[in-house]
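The block underneath contains the structure these notes are about, expressed in structure tokens.
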Amino acid sequence: MRHPLVFAISCAAASTLVAARESSGEPTLGELALQKVLGDSREIFGVYDDEDEDEEGEHPYANWMSRVPDSTPLAHLNIPGVHDAATWNYSQATQDMLAPGVARCSGGSGRPAPAQVYRTQRRGAAAALDAGVRFFDLRFAADALGQGLAFWHGGALLSAAADVDDVLFGFYAWLERHPSESVLLSFQYEGGTREGAEFDGEVKGRLKRALGEGEEGSGGARRFVRRGGGDKGRLGTLGESRGKIVLLKRFDMEDEDEGEDGEGLPGLHLSPAKWPDNNPDGFELVYNATSGERAFIEDYYEPTIGSGSNSSVAENVRAKMEAVKAHLEIAAAATGVARDSLFITFASGEHNDNNPPVFPQTMALGNGTEVTPDGGVNHHLATLLREMRGSRLGVVVVDFFDEPADLVGLILGS
Ligand SMILES: *[C@@H]1O[C@H](CO)[C@@H](O)[C@H](O)[C@H]1NC(C)=O
Ligand SMILES: *[C@@H]1O[C@H](CO)[C@@H](O)[C@H](O)[C@H]1NC(C)=O
Ligand SMILES: *[C@@H]1O[C@H](CO)[C@@H](O)[C@H](O)[C@H]1NC(C)=O
Ligand SMILES: *[C@@H]1O[C@H](CO)[C@@H](O)[C@H](O)[C@H]1NC(C)=O
């Protein structure tokens, strides 16, 4: 989990890795260390399609931001996003392999639900970045051994090998090779590994070490996470964000609103206290009370249909799509302050406790039978996006981003 050697490597060393490989056949120690940390991150960060990628050929959107002017506000872009980005390799085999004592849910029965309940992707961040995705929803908790920060979804530990530091290196390494691009990383505190675990000083300290800018922060974060003076609480333009991560904080640090003294973490504070659960209509979240900067968010992840839990897959898909369509139409028609605000539309959803269960995959892709002749939310969304081509959409967050194959391109408006 911890890699003292890797953290001892300076940013400068990391930036010369590629050059070093070209000038001599032998990998440098720094290269080997980066390989190790990227290897450790694979279960979460994923693997590339092809290590010698021919990017513009195979991946037409690998550098899509390079064609957008510097002065463009990030709020004006259509940004493909992935919900629960860390779940791509979470199968029943993964769950069974993780020691039950480590993988248990906080305060739960001791056994997580079936793997399908948690799994929302089948490609990792590496493939998503090359495909054009620029928003990643990541859920963390303190790992059970009390060392670092692990990735969690609901009650499930997603990997015992990859921690938050490892995966951040994956993003840094990609950004180093794609300096025109900017990535929005949303970090959400997701309950605890242990009974009664809380978002306490210990967890906050680990988060500051992973992402902070002060002396205790990591060198990688100082270089790759956008920050600086009055930068907190401002979404800003693409130009100032290129080659950087823009943080979205779905957790509450006590010093969050203390201003510009360099304490705390950079980025936008999307406080969980201001994020109503499963709101069908979407909501407005003011993340900077001084400037009035705000986000408009739709996160109706579990449709409520009738009074029972016996709704059909098709009913769930339809209810979710209604919420998505309404929100995208608001984004497209927005003027004034709303036009300049961050829009986030979650097209992801589930109804796991329905009978039969509508797992995230069923919701996104349909259940593969005549029960969903037109597929799931993703297929309906693709149809809608064709009709809305040319519209401003904001961030559109999906499950199973790789299906249908043109979904990411359609979000980008291509
Ligand atoms: C994905 O999960 C399976 C089952 O746990 C595991 O054998 C495999 O190594 C994992 N793949 C990666 C790239 O980590
Ligand atoms: C809010 O925005 C103002 C003006 O851009 C900035 O000076 C301040 O640091 C921001 N405050 C917070 C809490 O993000
Ligand atoms: C669900 O169950 C209720 C009560 O048993 C029934 O009235 C309703 O028609 C059922 N709905 C569906 C979609 O099967
Ligand atoms: C599809 O949904 C129907 C109706 O709920 C169910 O009977 C069937 O088992 C599901 N098929 C698959 C492959 O999930």
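This is a predicted model, so every value here is computed, not measured. Read the numbers this way: they start at 1 and go in the same order the structure lists the ligands and their atoms.
The pair Glu302-Lys320 does not meet the salt-bridge criterion, since no charged nitrogen lies less than 4.0 angstrom from a carboxylate oxygen. One finds a salt bridge joining Asp40 and Lys36 here, because a Lys/Arg side-chain nitrogen approaches an Asp/Glu carboxylate oxygen to under 4.0 Å. The pair Arg223-Glu176 meets the salt-bridge criterion, since a charged nitrogen lies less than 4.0 angstrom from a carboxylate oxygen. Salt bridge annotation for Lys274-Glu284: absent, with no cationic side-chain nitrogen under 4.0 angstrom from a carboxylate oxygen.
Considering backbone and side-chain atoms together, Ser91 places no N or O closer than 3.5 Å to any N or O of ligand 1. Backbone and side-chain nitrogen or oxygen atoms of Asn288 are examined, and one is located within less than 3.5 angstrom of a nitrogen or oxygen of ligand 2. Considering backbone and side-chain N/O of Trp88, none are found under 3.5 Å from N/O of ligand 1.
In the displayed structure, Lys325 atom NZ is contacted under 6.0 Å by at most 12 heavy atoms of other residues, nucleotides or ligands.
Arg386 places no side-chain N or O within donor-acceptor distance of the main-chain N or O of Leu410, the cut-off being under 3.5 Å. The backbone N or O of Ala221 lies less than 3.5 Å from a partner atom in the side chain of Arg227, making a donor-acceptor pair. Arg226 places no side-chain N or O within donor-acceptor distance of the main-chain N or O of Arg242, the cut-off being under 3.5 Å.
Of all atoms in ligand 1, numbered sequentially from 1 with element shown, those under 4.0 Å from a heavy atom of Met97 are 5 (O). Per-residue contacts place Thr94 under 4.0 angstrom from the following atoms of ligand 1 (heavy atoms of the residue considered): 2 (O), 4 (C), 5 (O). The contact set between ligand 1 and Glu43, taken as ligand atoms under 4.0 Å from a residue heavy atom, comprises 14 (O). If you number the atoms of ligand 2 from 1 as listed, the ones under 4.0 Å from a heavy atom of Gly233 come out as 14 (O).
Protein residues having a heavy atom under 4.0 Å from any atom of ligand 4 are Pro356, Asn367, Thr369, Val371, listed by chain and number.
Residue contacts with ligand 1, taken as heavy atom pairs separated by less than 4.0 Å, do not involve Phe45 at all.
Residues Phe187 and Phe251 place their aromatic rings such that the two centres sit no closer than 6.0 Å.
The side-chain contact (heavy atoms from CB on, under 4.5 Å) check on Pro179 picks up nothing, with sequence neighbours excluded.
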